[in-house]
Amino acid sequence: GQPAAPTTFVDAVAAWKTLPDDLRRRAEGHEVLQTAGAVRRGDMAQVLITEVENPPSTVTRINYTHPRTGETVLHICEQMTKNVIGMPEAESEDLLTSLFAHLYRPEGQLSHNWREGDFVVFDNIALQHSRGSVEKEGPARTLRKVASPIPKPCPDQLPKSADVGRARAAALPRGAQTAALAEGLT
């Protein structure tokens with residue numbers, strides 16, 4: 001049978017372009033802490049939660065420059081964006097709530113209802129994807145992820161707080177430098 005749950009996409013490039021001016025001014029230039037597996041926002045009733053002992057984290061700008069296209073991406077995610085760095089908790093949460101409301105607004109979503117044989121390719125930096133509940137006993141889902149080489153980050157893509165990381169990365173072999181800086185592993 002066919003998967004019962006569609007995949008929903010949101011375009012984070014379009015979200016940045018359509019961000020109201022006042023919200024853009026509040027967000028522009030700020031950095032956020034992205035923590036895999038540790039942030040819980042939105043309706044969690046139907047989410048299978050996997051606890052991560054030492055979740056990987058990185059710092060990115062809210063207005064992130066796409067490494068391939070040069071376009072600005074609204075680089076936040078309900079599942080990973082923990083807080084705005086250097087901002088009081090209440091102010092950070094208020095800003096993120098407003099940004100999430102814009103990013104995930106219904107008119108900015110596209111749902112793909114899967115049919116047997118479908119093949120979908122998308123840019124995992126410019127687009128976010130999710131799916132509703134999938135029944136454990138439902139139809140099989142086969143997903144494959146293919147990643148292209150990580151491009152060398154532009155200077156404005158690196159976190160302001162990355163000076164120490166840049167110094168550590170300089171000691172790594174050339175290919176590892178790019179990967180370490182792009183992944184925030186330094």
Side-chain angles (χ1 to χ4, degrees), residues 5-52 55-112 120 122-133 145 147 150-151 153-163 165 181-185:
T7 297
T8 301
F9 296 91
V10 294
D11 184 342
V13 171
W16 181 261
K17 287 178 181 176
T18 60
L19 203 59
D21 289 341
D22 62 323
L23 192 51
R24 180 188 314 268
R25 279 191 297 277
R26 288 175 57 203
E28 201 160 28
H30 284 287
E31 295 177 328
V32 289
L33 178 62
Q34 310 280 12
T35 304
V39 179
R40 306 287 182 245
R41 284 195 175 85
D43 181 7
M44 299 301 294
Q46 300 292 320
V47 176
L48 175 63
I49 298 195
T50 303
E51 295 299 325
V52 178
S57 296
T58 191
V59 174
T60 62
R61 284 190 182 196
I62 293 174
N63 53 306
Y64 180 78
T65 302
H66 193 294
R68 289 190 178 85
T69 67
E71 294 181 290
T72 302
V73 178
L74 180 54
H75 202 252
I76 58 169
C77 171
E78 283 184 325
Q79 292 180 331
M80 292 184 62
T81 305
K82 188 168 185 176
N83 63 289
V84 180
I85 294 174
M87 198 176 272
E89 185 177 344
E91 186 180 345
S92 168
E93 199 57 35
D94 179 62
L95 176 57
L96 289 173
T97 298
S98 297
L99 291 170
F100 291 140
H102 180 75
L103 177 61
Y104 301 123
R105 67 199 188 288
E107 63 271 19
Q109 297 181 14
L110 174 106
S111 289
H112 178 76
V120 175
F122 64 95
D123 180 335
N124 206 32
I125 295 173
L127 299 177
Q128 290 184 23
H129 65 286
S130 68
R131 55 131 179 94
S133 296
K145 180 177 181 177
I150 299 170
C154 299
D156 72 329
Q157 292 173 292
L158 299 173
K160 294 174 200 165
S161 54
D163 293 335
L181 289 170
E183 294 298 319
L185 300 176

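Count residues from 1 along the sequence.
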Check your understanding: Which heavy-atom pair separates Thr8 from Ser111 by the least distance, and what is that distance?
Key -> OG1-OG, 3.2 Å
Point to revise | Interatomic spacing from CD1 in Ile62 to CD in Glu28 - rounded to 0.5 Å | key: 10.0 Å
**Study point:** Phe122 and Phe9 aromatic ring geometry - parallel, tilted or perpendicular at 30°/60° bounds
**Key:** perpendicular
**Study point:** Leu23 and Leu95: CA distance, side-chain angles, deciding distance, side chain to side chain contact (heavy atoms under 4.5 Å, CB included) verdict
**Key:** CA-CA 8 Å; Leu23 192 51; Leu95 176 57; 3.7 Å; yes
Exercise for review: Step by step, work out the side chain to side chain contact (heavy atoms under 4.5 Å, CB included) result for Asp123 and Arg68.
Suggested key: CA-CA 10 Å; Asp123 180 335; Arg68 289 190 178 85; over 6 Å; no
**Study point:** Rounded distance [0.5 Å steps], NZ in Lys17 versus CG in Asp11
**Key:** 8.0 Å
Review point. Short question: side chain of Ser57, backbone of Thr35 - any donor-acceptor pair under 3.5 Å?
Key: no
Practice item. Kindly give the heavy-atom pair with the smallest separation between His102 and Ala15, and that separation in Å. Key: NE2-O, 2.9 Å
Exercise for review: Assess whether side chain to side chain contact (heavy atoms under 4.5 Å, CB included) is satisfied between Thr7 and Val120, documenting all intermediate values.
Suggested key: CA-CA 10 Å; Thr7 297; Val120 175; over 6 Å; no
Exercise for review: Kindly compute the distance separating CG (Leu103) from CD (Gln109), expressed to the nearest 0.5 Å.
Suggested key: 9.0 Å
Review point. Does Thr18 reach the side chain of Arg105, with side-chain heavy atoms less than 4.5 Å apart?
Key: yes
Practice item. Grab the two heavy atoms, one from Arg24 and one from Leu19, that are nearest each other, plus how far apart they are. Key: NH2-O, 3.3 Å
Practice item. Drop me the distance from Glu31's CD to Met87's CE, to the nearest 0.5 angstrom. Key: 11.5 Å
Point to revise | Heavy-atom side-chain contact between Thr60 and Ile76 under 4.5 Å | key: no
Study note, to complete from the structure: Rounding to 0.5 Å, atoms CD (Glu91) and CG (Leu96) come to a distance of 10.5 Å
Point to revise | Met80 CE to Gln128 CD distance, which is reported to the nearest 0.5 Å | key: 10.0 Å
**Study point:** Single hit among Leu74, Ile125, Val13, Val32 for side-chain contact (heavy atoms from CB on, under 4.5 Å) with Tyr64
**Key:** Ile125
Review point. Can you tell me if Gln34 uses its side chain to pair, donor with acceptor, with the backbone of His75 under 3.5 Å?
Key: yes
Review point. Looking only at atom types and distance, does a side-chain atom of His66 sit under 3.5 Å from a main-chain N or O of Val73, one as donor and one as acceptor?
Key: no
Check your understanding: Can you name the closest pair of heavy atoms from Asn63 and Trp16 and give their distance?
Key -> CB-CH2, 3.4 Å
